[in-house]
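Notes follow the structure.
First the proteins, then the strands, lettered A, B, ... as listed; each starts at 1.
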Amino acid sequence: MAEEKTGNPEQYTSQGILKTVFSRLKRNENLYLAFTNPKVVFGISLFSAVLLFALLGPYFTEYGINEFAGIGSPASRAAPSGEHPFGLTMQGYDVFTRTVHGLRATILVGFVGGLIASFIGLIIGLIAGYRGGMVDEFLMGLTNVFLTFPQLPILIVVAAYLPYRGIIHMAVLVGLVIWPWTARAVRSQTMSLKNEEHVALSRISANSTPRILIEDIAANMFSYIFMVFILQYMGTIMATVGLEFLGLGPTRGVSLGLVMQHAVQSGALYLGYWWWGILPGLFLMLMIFSLYFLNTGMDEVFNPELREL
Amino acid sequence: MMNSKPQEGLLSVRNLSKIFYSGIINREKTVGAKNVSFDLEPGKIISLIGESGSGKTTVGKLILKLLQPTEGEIYFRGQDITNLTSKKEKKRYYSKVQGVFQDPFSSFNSLFRVDRIFNMIFRIFMPEVGKSEQEDRILEAIREVNLTPDLLEKYPHQLSGGQLQRLLIARALLLDVDVLIADELISMLDASTRMGVLNLLLDICQEKGMAILFITHDLNLGYYLSDTTLIMYEGRLVERGGTRKIYENPVHPYTKMLFESVPGVEERWDRDEDFVPEEIDKIVREFYDNHEGQGFSEVEEAHHVLFSEQKID
Amino acid sequence: MGKYFGKKLIIYIITFFIAVTINWLAPRFIPGDPVTSLLAQYQGPAAGRQMLETRLRTLFGLEGSLIQQYINFWANLLRGDLGRSILQFPREVSEIVKNNIIYDIAVLLPAISLSWIVGNKIGAMAGENEKIDRYIMPLFYGFVSSPYFWFAIIVVFVFAHSLGWFPTARAYGAGVRPAFTLNFIIVFLRHWFLPFFTMFLVGLGQWSIGMRNMVIYEIESNYANYLRSLGARQKLIRNYAFRNGVLPQVTGLAIQLGQIVSGAITVQVVFDYPGLGRLMYQAVQQQDFFVLQGAFLSLILMVLAANFLIDIIYMFIDPRIRLSYSEEE
């Protein structure tokens with residue numbers, strides 16, 4: 001009982017803070033609103049469906065990604081059938097298998113890349129927003145420069161020279177290019193939060209700046225950071241798929257963009273192999289679609305003005 | 001009231017100025033505070049009175065080192081603390097000088113329980129103090145502000161503004177500070193709670209011998225609380241002196257206007273034809289022009305007025 | 001006002017500088033250098049190899065110290081010399097780029113402008129009209145969630161393959177030579193349409209969504225409520241809401257240019273349609289490094305120029321910029 005009165009120091013470790021934020025969220029009415037918002041529900045459901053598809057898909061097929069599964073031409077023979085729900089490629093590979101495995105690779109790159117981008121953007125945004133002055137000007141200048149770059153061309157130019165492109169390489173590369181958006185968003189939030197009096201109180205308590213940034217500022221924009229991460233993830237995936245489509249994806253294995261590149265290269269478009277070109281991309285589209293809804297829904301929850309009455 | 005030697009006082013402010021610049025290429029200047037000087041003494045409450053934009057909050061922030069002055073010095077116990085760099089020095093300063101702000105709800109990080117502010121104090125300033133000793137001290141501080149220990153487990157949104165402000169005062173007591181900067185401490189509290197908190201301030205000022213800078217826009221409060229009054233207008237200190245003296249004999253036109261514009265509770269609406277608040281700026285300029293060269297000078301003992309602007313720019 | 005442009009120009013110059021540097025730096029990242037990897041394919045006598053190596057080193061600018069190479073690179077760039085294509089040696093890269101950039105502009109300029117204008121209109125309508133919002137917005141969300149090239153693939157299948165209305169690829173048929181004849185123009189337009197249509201639709205979705213959100217936000221704002229309480233007609237309020245909502249859309253356009261151009265690259269590959277995008281793609285496939293460099297730099301220049309253009313336009317429509325420039329970001 002005596003413990004309770006003064007709180008426990010563990011509360012202020014990083015796990016402690018995370019625990020506090022989550023327990024606070026549990027009691028939070030916003031969370032309730034979030035889970036009853038139709039957009040959020042729809043978004044989460046669809047996203048989970050795609051995710052499940054990617055995770056479990058490989059168990060539903062007996063073919064390898066580069067394994068000959070049947071004769072792939074003419075198109076009528078390669079069309080989707082009971083045995084090959086997504087049809088065959090011209091070379092005779094099973095499209096379902098390749099889609100499912102490719103989706104995994106793409107999701108992985110997107111996720112890691114998104115984390116990297118969010119992390120970089122978060123740190124830069126926090127520092128720029130909190131410090132202000134020359135530091136802010138410099139960091140924002142840097143951010144603006146990166147923002148002006150068209151992403152794919154830069155990625156192409158660097159990726160073209162990499163001798164080996166592993167999944168992690170890709171993730172890091174993409175993450176390093178698309179962080180600016182996060183930095184900007186985090187910075188503006190930081191700038192409004194830093195004027196709150198609890199930040200001043202922390203300062204006159206001689207609290208260390210990293211702790212202030214984490215406890216007083218970042219922790220108070222948790223929902224915002226989450227939404228930002230989702231958007232970054234979407235951006236990373238789009239960029240990754242683009243690279244893959246141009247033949248600059250992971251060197252080994254199969255990826256979603258690569259499957260579609262093969263389709264286009266093989267002239268699938270002329271010959272009518274629509275399942276080969278369209279189906280793999282469909283899942284990507286669905287995933288991003290779901291995330292848009294999730295994000296819009298969450299935006300409505302946290303910014304009541306946008307709610308439809 | 002003013003020591004000629006700032007080294008002898010508790011906390012002294014000399015020629016303190018803060019200019020805000022906006023933008024990097026086209027630097028626009030805003031004067032936050034200009035040439036402000038006064039002393040804080042133990043056991044005395046000083047009111048800093050002004051409207052929004054007068055610079056009173058800026059002065060508070062400068063003393064609390066939330067802002068860095070562009071000119072001037074701040075002395076604490078004889079030491080010039082205007083430019084503190086090391087963490088240790090800052091900690092030492094904050095262990096003796098603290099503040100309480102206007103918005104009680106904004107002063108607490110809503111994600112944490114209210115006792116976080118106390119734990120922060122121990123963690124940073126007194127890490128050597130043992131757990132049970134910490135509890136005792138916190139309970140003691142709570143008692144002194146007339147609160148009960150069960151509040152400690154609550155979250156900020158579960159408490160009232162008055163309770164939160166008391167907790168913030170308790171925090172300062174925990175540190176046993178010598179100087180407390182109270183910035184619009186009660187403006188966001190209901191009328192009924194205000195007196196409680198104000199009286200608390202008076203009590204601790206007397207009992208602990210704390211120096212309190214009470215920043216407010218409310219003249220009545222200033223009169224109720226303080227021995228010395230400072231009046232600020234447009235970043236400048238325009239009148240300074242014993243509270244009684246100023247209230248009975250305001251000299252600066254802005255001070256006069258302040259007194260004119262306070263509706264008394266007993267009075268009814270009564271238009272004073274001579275008095276037009278919108279023209280105060282013009283009136284002040286005229287006043288300065290008429291008294292050119294007199295600067296900040298004595299009107300009577302312990303009563304100074306700004307008669308003209310010194311040409312510093 | 002001058003400061004507004006000054007600041008933007010500095011950013012653009014720095015951006016270009018960094019882009020050029022990355023461009024220059026990238027080939028030097030590969031272990032070994034591009035010359036060695038090219039030489040690995042050489043099958044002839046040793047003496048010839050020596051000559052080739054020297055020649056290649058000169059061509060690549062790989063002689064002299066690193067600083068020297070860098071300066072040379074810039075010197076050439078400022079002269080407009082983007083090097084020569086390795087594959088189509090000795091054809092100049094700048095010439096190849098010039099031929100391609102026309103197609104980029106032909107597709108992108110109308111696609112971007114039209115989709116922005118029409119998209120804003122539709123978005124504004126959706127902001128007010130529940131029905132439009134409910135039925136059209138999800139469709140547009142679908143558009144926006146699609147990778148550009150995937151969308152292009154669908155467009156090809158539907159309009160070119162199934163319906164046969166348009167050809168599937170290239171800028172003009174195999175046996176046709178470009179000329180200002182009516183015949184050619186028709187052929188050109190037939191081939192041009194689908195790439196244009198793809199870029200148009202995705203952009204349409206994007207701007208509609210953006211504008212819709214803006215309009216909703218504006219309609220609920222204080223000034224709108226105030227006007228309403230004064231008895232202003234909905235049309236007037238809509239007007240104000242629209243004009244205020246357009247501003248961030250213009251900035252949004254500048255920000256999105258990079259994305260759009262990136263998307264255009266992949267679309268060009270799908271349609272095998274000429275342009276800097278397809279050029280870069282082929283250059284990567286064929287390891288024609290100079291073409292890659294040249295195309296990349298031209299692309300960056302194009303984007304920066306477009307950005308600058310938008311900044312100028314923005315200055316005219318946002319009175320705040322004209323009256324007082326203050327960095328509020």
Side-chain angles (χ1 to χ4, degrees), chain A residues 137 140-142 144-163 181 184 187-188 234-235 237-239 241-242 245-248 257 260-261 263-264 268-272 274 277-278 280-282 284-293 296 299 305-306 308, chain C residues 10-12 14-15 18-19 22-23 26-31 34 130 133 141-142 144-150 153-154 156-157 160-162 168-169 213 216-217 220 254-255 257-263 265-266 269-270 280-281 283-285 287 289 292-293 295-296 299-300 303-304 307 329:
Chain A
E137 291 277 344
M140 275 304 110
L142 190 69
N144 278 328
V145 165
F146 272 85
L147 265 178
T148 325
F149 278 137
Q151 289 168 0
L152 198 55
I154 279 264
L155 289 171
I156 293 175
V157 163
V158 177
Y161 295 106
L162 288 176
W181 191 86
R184 244 188 177 193
R187 170 188 178 264
S188 63
M234 286 157 65
I237 287 233
M238 284 291 220
V241 148
F245 181 70
L246 296 176
L248 291 170
M260 289 186 273
Q261 186 204 23
V264 172
L269 305 181
Y270 309 117
L271 301 169
W274 58 267
I278 298 188
L282 182 66
L284 192 71
M285 188 281 253
L286 287 176
M287 185 162 60
I288 304 216
F289 188 67
S290 66
L291 289 177
Y292 259 120
F293 269 83
T296 312
D299 215 4
E305 309 134 4
L306 289 176
E308 284 150 17
Chain C
I10 294 181
I11 299 271
Y12 294 146
I14 297 182
T15 309
I18 295 186
I22 293 184
N23 208 349
R28 286 155 178 81
F29 271 138
I30 29 180
E130 265 300 310
D133 194 28
Y141 269 104
V144 165
S145 314
S146 320
Y148 274 91
F149 63 89
W150 182 75
I153 292 179
I154 295 185
V156 168
F157 271 121
H161 181 81
S162 305
T168 47
N213 287 335
I216 289 186
Y217 184 71
E220 294 303 314
I255 295 179
L257 270 178
Q259 296 281 69
I260 298 176
V261 163
S262 303
I265 297 180
T266 55
V269 170
V270 171
M280 284 182 78
Y281 176 63
V284 170
Q285 302 280 70
Q287 295 201 299
F289 298 121
L292 180 62
Q293 269 183 6
F296 174 69
L299 203 87
I300 297 272
V303 170
L304 290 179
N307 261 306
E329 290 183 301

**Q.** Per-residue contact mode, C/Leu304 against chain A (heavy atom under 4.5 angstrom)
**A.** side chain
Q) Roughly how far, to the nearest 0.5 Å, is the CZ atom of A/Phe245 from the CZ atom of C/Phe149? A) 5.5 Å
Q: Could you tell me which portion of C/Tyr12 (side chain, backbone, both or neither) has an atom closer than 4.5 angstrom to a non-hydrogen atom of chain A?
A: side chain
Q | Selection from C/Val156, C/Ile18, C/Ile300, C/Thr15 maximising heavy-atom pairs under 4.5 Å formed with chain A | A | C/Thr15
Q: Can you tell which part of C/Leu257 gets under 4.5 Å to a heavy atom of chain A, answering side chain, backbone, both or neither?
A: neither
**Q.** Over all atoms of both residues, closest heavy-atom pair of A/Gln151 and C/Ser262
**A.** N-OG, 3.6 Å
Q: Would you check if the side chain of A/Trp274 reaches a backbone N or O of C/Phe157 as a donor-acceptor pair within less than 3.5 Å?
A: no
Q: State, to 0.1 Å, how close A/Gly277 and C/Trp150 come at their nearest heavy-atom pair, and which atoms those are.
A: O-CD1, 3.8 Å
Q. Between A/Leu152, A/Ile154, A/Leu269, which residue shows the highest count of heavy-atom pairs closer than 4.5 Å to chain C?
A. A/Leu269
Q) Parallel, tilted or perpendicular: which fits the ring planes of C/Tyr141 and A/Phe293, with parallel below 30° and perpendicular above 60°? A) tilted
**Q.** Spacing of A/Leu142 atom CG and C/Ile11 atom CD1 [to the nearest 0.5 Å]
**A.** 9.5 Å
Q | Atom group of A/Val264 that falls short of 4.5 Å from chain C, counting heavy atoms | A | side chain
**Q.** Separation between CE of C/Met280 and CG of A/Leu248, rounded to the nearest 0.5 Å
**A.** 9.5 Å
Q | Reported CD1-to-CD1 distance for the pair A/Ile156 and C/Ile265, which is rounded to 0.5 angstrom | A | 4.0 Å
Q: Go through the atoms of C/Val269 and report whether side chain, backbone, both or neither lie under 4.5 Å from a heavy atom of chain A.
A: both
Q) Given a strict heavy-atom distance threshold of 4.5 Å, which part of C/Val303 is in contact with chain A: side chain, backbone, both, or neither? A) side chain
Q) After noting the C-alpha distance and the side-chain angles of A/Arg184 and C/Ile255, does the key distance pass the side chain to side chain contact (heavy atoms under 4.5 Å, CB included) rule? A) CA-CA 12 Å; A/Arg184 244 188 177 193; C/Ile255 295 179; 3.7 Å; yes
Q) So how far is it from A/Leu282 CG to C/Ile154 CD1, rounded to the nearest 0.5 Å? A) 7.5 Å
Q) Can you tell me how far OG1 of C/Thr266 sits from CE of A/Met238, rounded to the nearest 0.5 angstrom? A) 9.5 Å
Q: Could you have a look at C/Ser145, C/Gly258, C/Gly142 and say which one has the most heavy-atom pairs with chain A under 4.5 angstrom?
A: C/Ser145
Q: Tell me, for A/Ser188 versus chain C, whether the close heavy atoms (under 4.5 Å) come from the side chain, the backbone, both or neither.
A: neither
